[in-house]
Protein chains: 2
Amino acid sequence: MARAKIEDERKEQILAGFEACVIRNGLAKTTLQKVADEVGLPRSLVRYFVGNRDSMVDLLIERMIERGEATLATAERDGEVSTLSDLIDTIFTVTFDDETSNNVVGELWYLAQRDGAIRSRLADMYSRITDALVVQMTAEEIGPGLAEREDVAQALLSLAYGEASFTDIGLKKPNSISSRRLADALIYELATASKT
Amino acid sequence: MARAKIEDERKEQILAGFEACVIRNGLAKTTLQKVADEVGLPRSLVRYFVGNRDSMVDLLIERMIERGEATLATAERDGEVSTLSDLIDTIFTVTFDDETSNNVVGELWYLAQRDGAIRSRLADMYSRITDALVVQMTAEEIGPGLAEREDVAQALLSLAYGEASFTDIGLKKPNSISSRRLADALIYELATASKT
DNA sequence: TCCATTCTTGTCATCTTTGAAAAGAATGGG
DNA sequence: CCCATTCTTTTCAAAGATGACAAGAATGGA
């Protein structure tokens with residue numbers, strides 16, 4: 001054999017630095033050199049471990065999406081989401097309440113407009129959430145049918161995402177009626193729709 | 001005197017080309033040269049009329065925000081928004097249904113995270129919308145108080161923005177219950193809140 | 001010890017973008 | 001016709017970022 005591999009740790013270290021740079025200066029202004037400075041390595045080592053810039057961006061996206069999915073999966077596995085209400089809570093207070101993730105996702109969002117690969121990764125991530133919502137709605141027999149449940153799930157996601165976006169750039173005003181309660185209103189609308 | 005000024009037309013021409021480039025390739029990848037190619041002028045002329053790159057971005061933002069505000073102002077002036085329902089319609093089907101604007105706003109959004117000037121311009125633009133909503137809710141005596149109306153207005157904005165964002169990157173599924181109807185559910189929730 | 005593998009350093013050439021400025025052409029009035 | 005103002009062309013230098021690679025050092029086992 002040969003020298004022990006430290007590739008994984010280095011990658012993690014570099015991506016963490018990359019993320020810090022992106023949050024501080026934005027994706028467009030983050031260069032390989034700045035990432036290198038951030039983690040205290042020469043640029044050539046950064047290249048050695050994460051490849052070229054595009055490849056580095058890909059890895060960051062991977063990281064973000066895995067983190068998002070892990071959040072939801074963990075909550076589900078730990079039995080913290082036994083009801084629809086729990087699930088919505090999780091989405092509003094965990095998934096869309098992680099400032100770091102929101103910040104980076106915001107950066108990635110516009111890349112998705114032109115990059116099909118990123119777009120499908122984001123689509124996967126978010127459909128994981130809507131799927132979970134629909135499953136729970138179905139279990140609790142809310143709404144007349146699948147299509148309506150999917151629409152409400154989409155609306156809940158939009159509401160949470162929109163609110164996170166406004167919060168992200170500091171445009172959100174303090175709440176007295178929480179969005180969480182308004183989310184319930186959407187569910188209520190769906191529930192009554194089944195009787196109309 | 002001297003030669004007639006064509007500054008305004010040139011600026012408009014250049015900004016339109018800039019916008020086209022941004023929509024096609026994204027803000028980060030849009031260079032002065034590409035804008036110049038787009039409008040068929042040498043780069044030096046672009047610089048002559050819109051200054052350096054930062055200045056050009058500022059002008060684009062100005063343009064976007066003026067356009068957004070003009071849309072709402074026009075609808076109000078033409079008496080197309082006499083009811084709350086009309087106003088919500090306008091917001092959902094006009095303000096957040098302009099693909100071009102959404103696309104560019106999406107590009108600008110992440111700049112706002114670090115640029116206070118852009119942020120306050122966006123804040124102005126969106127508070128114009130929430131203000132209009134609150135005024136109309138007040139006129140129709142919906143909801144118990146100002147705070148609640150503001151929250152619902154904010155939620156409506158978040159919903160519309162979130163939905164526009166998902167649509168923008170092509171992640172939105174077809175609707176059977178429209179977001180518009182779900183928006184009504186939010187209003188309904190507010191209306192009943194006054195009696196609870 | 002020797003070797004294959006893995007990591008690290010340092011340097012180079014190239015490409016792109018930008019900012020700047022000189023010099024010339026067009027235009028409308030005096 | 002002349003001149004001030006405005007627009008246009010052309011060219012240059014500097015900065016920044018990237019990709020590539022050669023050469024060396026560290027490591028763990030045979």
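Just so it is clear, the model here is predicted, and its values are computed rather than measured. Residue numbers begin at 1 in each chain, while the letters A, B, ... track the order of the sequences.
Listed candidates were C:dG19, D:dG19, D:dT9. Nearest to the side chain of A:L32 is D:dG19. When distances are taken from the side chain of B:S44 to each of D:dT10, D:dG19, C:dC7, the shortest belongs to D:dT10. For A:T31, taking side-chain heavy atoms from C-beta onward, the closest of the listed nucleotides D:dA20, D:dT8, D:dA17 is D:dA17.
Regarding A:E7, its CD atom lies at a distance of 16 Å from the C1' atom of D:dT27, rounded to whole Å. For the pair B:F49 CZ and D:dT6 P, the computed distance is 11 Å after rounding to whole Å. Rounded to a whole Å, the CZ atom of B:R3 is 15 Å from the P atom of D:dT5. Rounding to whole angstrom units, CD1 of residue A:I6 and P of D:dA26 are separated by 13 Å. Between B:Y48 atom OH and D:dT9 atom P the separation is 13 Å, expressed in whole Å.
For the pair B:R10 and D:dT8, the criterion of a side-chain N or O lying under 4.0 Å from OP1 or OP2 is met.
In this structure, B:Y161 and A:Y161 have parallel ring planes: the angle between them is below the 30° cut-off, well short of the 60° mark. Between A:Y126 and A:F96, the two ring planes are parallel [angle under 30°; tilted spans 30° to 60°].
Put simply, the side chain of B:R53 and the base of C:dG19 share no donor and acceptor less than 3.5 Å apart.
Side-chain atoms of B:R149 come within 3.5 Å of backbone atoms of B:G143 as a donor-acceptor pair (strictly under, hydrogens ignored).
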